[in-house]
Amino acid sequence: MARRGAAALALALALLAVALSGVGAQGAALEDPDYYVQETWSRKPEPEPLSLSPSLPAGAGAGEREPQPPQPRTPKRATKPKKAPKREKLALETPPPGKKSNRKGMRTKSLEKAANDDHNVPVAHEDVRESCPPLGLETLKITDFQLHASTAKRYGLGAHRGRLNIQAGINENDFYDGAWCAGRNDLHQWIEVDARRLTRFTGVITQGRNSLWLSDWVTSYKVMVSNDSHTWVTVKNGSGDMIFEGNTEKEIPVLNELPVPMVARYLRVNPRSWFDNGSICLRMEILGCPLPDPNNYYHRRNEMTTTDDLDFKHHNYKEMRQLMKVVNEMCPNITRIYNIGKSHQGLKLYAVEISDRPGEHEVGEPEFHYIAGAHGNEVLGRELLLLLLQFLCQEYLARNARIVRLVEETRIHILPSLNPDGYEKAYEGGSELGGWSLGRWTHDGIDINNNFPDLNTLLWEAEDRQNGLRKAPNHYIAIPEWFLSENATVAAETRAVIGWMEKIPFVLGGNLQGGELVVAYPYDMVRSPWKTQEHTPTPDDHVFRWLAYSYASTHRLMTDARRRVCHTEDFQKEDGTVNGASWHTVAGSLNDFSYLHTNCFELSIYVGCDKYPHESQLPEEWENNRESLIVFMEQIHRGIKGVVRDLHGKGIPNAVISVEGVNHDIRTASDGDYWRLLNPGEYVVTAKADGFTASTKNCMVGYDMGATRCDFTLSKTNLARIREIMEKFGKQPVSLPARRLKLRGRKRRQRG
């Protein structure tokens, strides 16, 4: 018995050593940087097992493009989500991922029985069918090393480009193209995903190739799963392989749910037919729920969690309004709900003010704003601002010293949804089925982000015309009359924002957008009319660079050199920041308008590669952006501030504040107070106003947080005093040139 026990133990250890060596080899391959390229070109297509899929009909070969599918499964498209019940408290218990998804699969006994016949891959049994969230091809949670394909036309069309909604570069023959495209058009091509753990797969979403010139998409495909990437089980429909219907054009995503969930590590898509005049090309997302694996340190280390008790879900218009009310009821002393106007469809553009004295402007307290949802389908920014509202309220009630100081020293305005009409369209499509542009524009088809007046051209033309005697205006450039006319192509939302920014003396602002991971600062428009990309800095370029870096450097991913680019642009050379015009020129942007028409320094903050992430991703996205959102607000207290008064101590409105060496001025608010964002250093600052003698001071800006106080007292000019005295006694001051003309006329008449 002892000898038998020893032999059994030796055999078990030998088998364990062989298994570990295989796992180690596979792990080494995944870590090898060249593994993807080797897999693309060296991995040969594996023949389908005869027991799992029917053989091709006689005469079928590599050129066969349209096999006869056994009853193709009809794909699912966007459906309207259910309304959420009203909430009576701020933070609700978040259900498991996918619980609020609107995709419900249909199950039948015959389908379940057919799936049970494949004993190699277990079938997930459940009483109620629920869709799982995306694995993360679009959000880049799935790395390039987890995507493999049978062949590829070139590297720019490799498996790593087969991600849902990925966008092609301007030159489509470069390294950044818009899909995975097989190297050959035959029935043996495939693209697969390695989930790196057992996963309950529930569905596949596909798109065609993103291209301006070519039309390539897959019209039908099979789905196979495996636990070892060698033995594959094809998803069945009764007794035969299921053929899923693919796309009918290249941009609209199409969802196909598996008849029953399949538990495996690998999932492979095998195209069976494609567009007649095109090639095998697709972009995809996989729906799946990773199974718990508490013994795997790799997965536990990479799982993001949050300790904030917030409402992590997508909110439609009514739910957003309800959430604002809940926050206002919890923190009535520091919050106020108001609207700045209405959308084209009549929805109110709600904003929330957070301040220790809501509803009033305090002298010396700067005003800050966040805007999101200018593009209705860029939903992440909207949800981040709703989470920020909850967080500021909760932390203020908890007496978090940092948040209390921020609220008491800053008047904060948060506008979560500038384009609610567009959002409602995107919300109906859902987080995966809306595509790249559904809901981007307003209801009347206007892109709000570049719908503001082009003041750059007016500024640069004035600078080119100036003759040295008269200085061209460098701030508060007036809006052209044609833009204010009723016939101008200006969105109602744009007019509302302009009125809002003219009414409130904003100092700093950020507009949250999506589809990239970068902070863009002005100018957004190139100065050379024949160029589409050109570095075009403002006079405050150093300040804007710092503001952009303050957000990017505190974001969890923006400055990570190991991060994969979202689509085509690598912003790591500037630490996650970019001059807008050097990226792509935009005339009439919000950033340029704010800088040239108001005192506000505005930046565009692109908060994620995925415009509309699944709600299961919201906690991680909140952790990515939370610190950055707070740090950026704190930058409003950097530079100089003060009040410009007359000799009687009364504030002088509309006084001009100039900084020597910076060709951009600002103006005082109605109470005479001002704020000028500046980097640390010593500055010569001048305050001047009509009817007053200018005053100049040296103002020092330190490295510690907190603006330097720099007040001015101006005395009236002699001419202003004379006018004041004569107006007081009902007389007008004498105009000397007119008086001389009258005297000359009298002398002429007397001589005649």
Side-chain angles (χ1 to χ4, degrees), residues 80-95 100 102 308-355 358-359 369-394 396-397 411-431 434 439 442-443 448 491-497 499-500 504 511-512 514 612 615 618 622 629:
K80 191 171 183 179
K82 293 183 178 180
K83 293 183 180 179
K86 293 185 178 180
R87 299 179 304 281
E88 297 182 357
K89 60 180 181 178
L90 180 60
L92 300 179
E93 181 180 358
T94 304
K100 299 178 185 176
N102 56 0
D308 295 327
D309 187 17
L310 307 176
D311 190 14
F312 293 104
K313 69 179 289 287
H314 288 297
H315 301 80
N316 62 20
Y317 183 80
K318 291 183 179 180
E319 293 169 340
M320 178 189 73
R321 181 74 178 95
Q322 179 64 25
L323 180 61
M324 289 179 174
K325 287 183 178 180
V326 172
V327 173
N328 179 244
E329 291 171 359
M330 287 190 65
C331 299
N333 296 329
I334 63 168
T335 60
R336 176 177 72 98
I337 303 173
Y338 66 100
N339 72 82
I340 67 169
K342 292 184 178 180
S343 70
H344 185 272
Q345 290 286 84
L347 298 178
K348 292 181 179 179
L349 307 178
Y350 284 112
V352 177
E353 175 191 343
I354 301 178
S355 172
H369 74 253
Y370 270 131
I371 299 174
H375 296 148
N377 63 332
E378 295 173 4
V379 178
L380 179 56
R382 169 193 176 110
E383 295 304 329
L384 288 176
L385 292 190
L386 293 178
L387 292 169
L388 180 63
L389 282 176
Q390 303 171 60
F391 179 79
L392 292 176
C393 174
Q394 289 182 358
Y396 185 86
L397 295 177
R411 192 181 182 204
I412 304 168
H413 303 258
I414 295 179
L415 179 63
S417 185
L418 180 56
N419 182 9
D421 297 346
Y423 173 80
E424 292 303 305
K425 291 181 181 178
Y427 185 78
E428 290 179 4
S431 60
T442 62
H443 185 77
I448 298 177
E493 297 86 348
T494 305
R495 296 186 189 276
V497 171
W500 185 46
I504 300 176
N511 56 89
L512 273 56
Y612 196 158
E615 64 184 28
L618 293 179
W622 168 246
L629 290 167

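- Closest of all the heavy-atom pairs between C331 and T335 is O-OG1, 2.6 Å.
- The side-chain heavy atoms of L380 and L618, taken from C-beta on, include a pair separated by under 4.5 Å.
- To the nearest 0.5 angstrom, K342 atom NZ is 12.0 Å from D421 atom CG.
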What verdict does the side chain to side chain contact (heavy atoms under 4.5 Å, CB included) test give for Q394 and L310, after you've listed the backbone C-alpha separation in whole Å, the side-chain angles of each residue and the deciding distance to 0.1 Å?
CA-CA 9 Å; Q394 289 182 358; L310 307 176; 3.6 Å; yes
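- A distance-only check finds no donor-acceptor pair linking the side chain of Q390 to the backbone of V327 [under 3.5 Å].
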Decide side chain to side chain contact (heavy atoms under 4.5 Å, CB included) for N377 and Y612; before the verdict, give the C-alpha distance in whole Å, the side-chain angles of both, and the deciding distance to 0.1 Å.
CA-CA 7 Å; N377 63 332; Y612 196 158; 5.7 Å; no
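- For S417 against L349, the heavy-atom pair with the smallest separation is O-CD2, 4.1 Å.
- Considering all non-hydrogen atoms of both residues, A496 and G341 come closest at CB-CA, 4.3 Å.
- Considering all non-hydrogen atoms of both residues, A426 and G376 come closest at CB-O, 4.1 Å.
- A donor-acceptor contact shorter than 3.5 Å links the side chain of Y370 to the backbone of L629.
- Atom CD1 of I371 sits about 5.5 Å away from atom CG of L415, to the nearest 0.5 Å.
- Counting only distance, with no hydrogens or angles, the side chain of E353 and the backbone of Y338 share no donor-acceptor pair below 3.5 Å.
- The distance from the OG atom of S355 to the CD1 atom of I334 is 9.0 Å, given to the nearest 0.5 Å.
- For R382 (side chain) and H315 (main-chain N/O), a donor-acceptor pair under 3.5 Å exists by modelled atom type.
- Atom CG of L397 and atom CG of L392 lie 11.0 Å apart (nearest 0.5 Å).
- With contacts defined as side-chain heavy-atom distances shorter than 4.5 Å, the pair V379/Y423 qualifies.
- Here the side chains of L384 and W622 are in contact, with some heavy-atom distance below 4.5 Å.
- When every heavy atom of G514 is checked against every heavy atom of E378, the shortest pair comes out as N-OE1, 3.0 Å.
- With 3.5 Å as the limit, one finds no donor-acceptor pair spanning the side chains of T442 and N419.
- Taken to the nearest 0.5 Å, the CZ atom of R321 stands 4.5 Å off from the CD1 atom of I337.
- Remark: the backbone N or O of K348 is paired with a side-chain donor or acceptor of Y317 at under 3.5 angstrom.
- Shortest non-hydrogen contact noted between R336 and P358 is CB-CB, 3.9 Å.
- Put simply, CD on E319 and NE2 on H314 are 11.0 Å apart, with the number rounded to the nearest 0.5 Å.
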